[in-house]
Colleague: 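Please read through the structure below; I'll follow up with questions.
The structure displayed is predicted, hence computed values, not measured ones.
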Amino acid sequence: MAQARGVNSLRFNQDQSCFCVAMDSGVRIFNVEPLMEKGHLDAEQVGSVGLVEMLHRSNLLAIVGGGSHPKFPDVSVLIWDDAREGKDKLVLEFTFPKPVLAVRMRHDKLVVVLQSRIYVFSFPHNPTKLFEFDTRDNPKGICDLCPSLEKPLLVFPGHKCGSLQLVDLGSAKPGTSSAPFTINAHQSDVGCVALSPPGALVASASRRGTLIRLFCTQSRARLLELRRGTDPATLYCLAFSPDSAFLCAASDKGTGHVFALRDTRLNRRSALARVGKVGPVLGPYVESQWSLASFTVPAEAPCLCAFGRGGRSPSSVVGE
C-alpha cells in the first residue's frame, strides 16, 4: 500500500476517531476530527513498521515489523506503552511460528491472525492465550473483532469456501475447541468482512467484490443484499456508521459507496425492479439494492473509509 511514500498499512481505531499509519519511517497517529497529527514513533525507536493497531485512544499500540528496514521480526507482535517512563516502552512481546498478517484489539482481548490460524489472548493484564482457531487459507489476514462491551464477537473466513466463522469470545470457554457458528455467505472466497459497533450485524463481500451481504449475528439470517457494481473489484474495506444505520464500502475501482441499512428506501434500485417479476437470470440483479451515494478517490489507490461522528458522512483516508 502506497509503497512509493513508504506507507505499509493504515488502521482506524475502534471508534473511528483516530487512525494510525505503519510506515518505513515508523508510526504516525492522527486524530480524524479535526484532522491533526497526535503523535509519532520514529524509525530509531521502532524501525520500519508493517502493521500497527491502536487500542481506542489509549497509550497502547500493537506493532509488527515490516517494510524496508524493520527493527522487529514480522512473526512478533510488540506492545508499545507510550506512557511508560524512559526510552524502553516495549512492555510485551508475542512471537508466532509464521508471519503476522493482522492484529485486532479490544479492551480485554488481543487477536493475532496468521495465514491459517488465529490466536486470542487476554489483554492487557496478565496476557494468556485463550483460544486458537484453525482457518481456511487467509493470506489477507481477514478478521474483525467487535469492540462492544456486551458482545465480544470475532469473525473470520470459515473452512468452507465463502463461509464466515462467528465466535462469541464471552460465552466460549477458554482452552476448549468449541466450534464457531458458521454463516454460508458467498459462493467464492470471502474478500472483506466487518462487524457493526454493537455487534448485532456482520457485513461481508467475496473476492469478486460485486455484492455485499448483511447478516444478523444472533440468528445468522441474511438481512440484505447490497450491490457495489457489476464488474469484479477488490474491496479494501467495509465500515459501519456508529449507529449501524449506514455502511460504507471502498474498492480499487476508485469509488466509495454508502448504503442505508435501516431505512433501505434510501437505496437505489434497478429500473427493472418496477417492471415486475423477471426471470431467474436477472432476478438477483434486479432485487439487489444499490448505494444511495458514492464518492471518488484516485483509481486503484488503496483506501480505508470510516464515518464521522455525525454518522452519515464517511471520512476517508487514502494511501497513494
Side-chain angles (χ1 to χ4, degrees), residues 1-5 7-22 30 32-33 35 51-54 101-102 104 139-144 155 157 185-186 188-197 201-214 224-261 266-268 288-320:
M1 181 184 287
Q3 296 298 326
R5 298 188 182 183
V7 176
N8 298 315
S9 65
L10 302 167
R11 280 286 298 171
F12 282 94
N13 69 342
Q14 289 80 1
D15 67 1
Q16 303 178 349
S17 63
C18 296
F19 65 92
C20 47
V21 188
F30 294 86
V32 173
E33 295 178 315
L35 181 61
L51 301 170
V52 62
E53 178 84 357
M54 298 178 65
L101 301 179
R104 300 290 182 265
K140 292 175 62 180
I142 296 168
C143 163
D144 201 17
V155 64
H186 305 278
S188 55
D189 280 318
V190 173
C192 199
V193 68
L195 286 161
S196 64
L201 304 171
V202 59
S204 67
S206 74
R207 289 185 184 175
R208 285 182 53 82
T210 53
L211 293 174
I212 300 162
R213 290 182 173 136
L214 189 74
L224 286 174
E225 183 171 275
L226 308 168
R227 182 168 290 275
R228 180 211 56 81
T230 55
D231 295 331
T234 298
L235 259 66
Y236 294 127
C237 78
L238 294 169
F240 285 89
S241 63
D243 60 0
S244 305
F246 299 93
L247 179 76
C248 185
S251 76
D252 64 352
K253 293 296 183 181
T255 55
H257 296 270
V258 179
F259 301 89
L261 305 182
L266 296 172
N267 294 329
R268 295 180 298 118
S288 295
Q289 300 183 32
W290 297 66
S291 62
L292 67 91
S294 62
F295 56 92
T296 60
V297 295
E300 298 184 3
C303 170
L304 294 182
C305 56
F307 284 83
R309 299 201 176 184
R312 183 166 174 178
S313 302
S315 305
S316 64
V317 176
V318 182
E320 298 179 275

Colleague: Find the distance between CE (M54) and CZ (F12) and round it off to the nearest 0.5 Å.
Modeller: 11.5 Å

Colleague: Can you name the closest pair of heavy atoms from I142 and V190 and give their distance?
Modeller: CD1-O, 3.3 Å

Colleague: Is any side-chain heavy atom of F259 closer than 4.5 Å to a side-chain heavy atom of I212?
Modeller: yes

Colleague: Would F19 and L35 satisfy side-chain contact (heavy atoms from CB on, under 4.5 Å), going step by step from the backbone distance to the final call?
Modeller: CA-CA 10 Å; F19 65 92; L35 181 61; 3.9 Å; yes

Colleague: For S291 and H257, what are the C-alpha separation, side-chain angles and deciding distance, and is it a side-chain hydrogen bond (donor to acceptor under 3.5 Å, both in side chains)?
Modeller: CA-CA 6 Å; S291 62; H257 296 270; 3.1 Å; yes

Colleague: If you look at every heavy atom in L101 and P139, which pair is closest and at what distance?
Modeller: CD1-O, 3.5 Å

Colleague: Between L214 and F240, is the side-chain contact (heavy atoms from CB on, under 4.5 Å) condition met? List the steps.
Modeller: CA-CA 11 Å; L214 189 74; F240 285 89; 3.8 Å; yes

Colleague: Using 0.5 Å steps for rounding, measure from the CG atom of L224 to the CG atom of L211.
Modeller: 12.0 Å

Colleague: Could you give the distance from CG (L247) to CZ (F307), rounded to the nearest 0.5 Å?
Modeller: 6.5 Å

Colleague: Do side-chain atoms of D144 reach the backbone of V193 as a donor and acceptor pair under 3.5 angstrom?
Modeller: no

Colleague: Would a distance-only check, ignoring hydrogens and angles, find a side-chain to backbone donor-acceptor pair under 3.5 Å from R213 to A185?
Modeller: yes

Colleague: Rounded to the nearest 0.5 Å, what separation is found between the SG atom of C143 and the CZ atom of R104?
Modeller: 6.0 Å

Colleague: At their closest point, which heavy atom of Y236 faces which heavy atom of C303, and how far apart are they?
Modeller: CB-O, 3.0 Å

Colleague: For the CZ atom of R208 and the NE2 atom of H186, what is their distance to the nearest 0.5 Å?
Modeller: 12.0 Å

Colleague: Nearest 0.5 Å, what's the OG-NZ distance between S294 and K253?
Modeller: 14.5 Å

Colleague: Identify the heavy atoms of L304 and L10 that sit nearest to each other, and give their distance.
Modeller: CD1-O, 2.9 Å

Colleague: Has the side chain of D189 got a donor or acceptor atom that lies under 3.5 Å from a matching backbone atom of R207?
Modeller: no

Colleague: Determine the minimum heavy-atom distance between Q289 and N267, stating which atoms define it.
Modeller: OE1-ND2, 2.8 Å

Colleague: For residues L266 and F246, report the shortest heavy-atom separation together with the two atoms involved.
Modeller: CD1-CE2, 4.4 Å

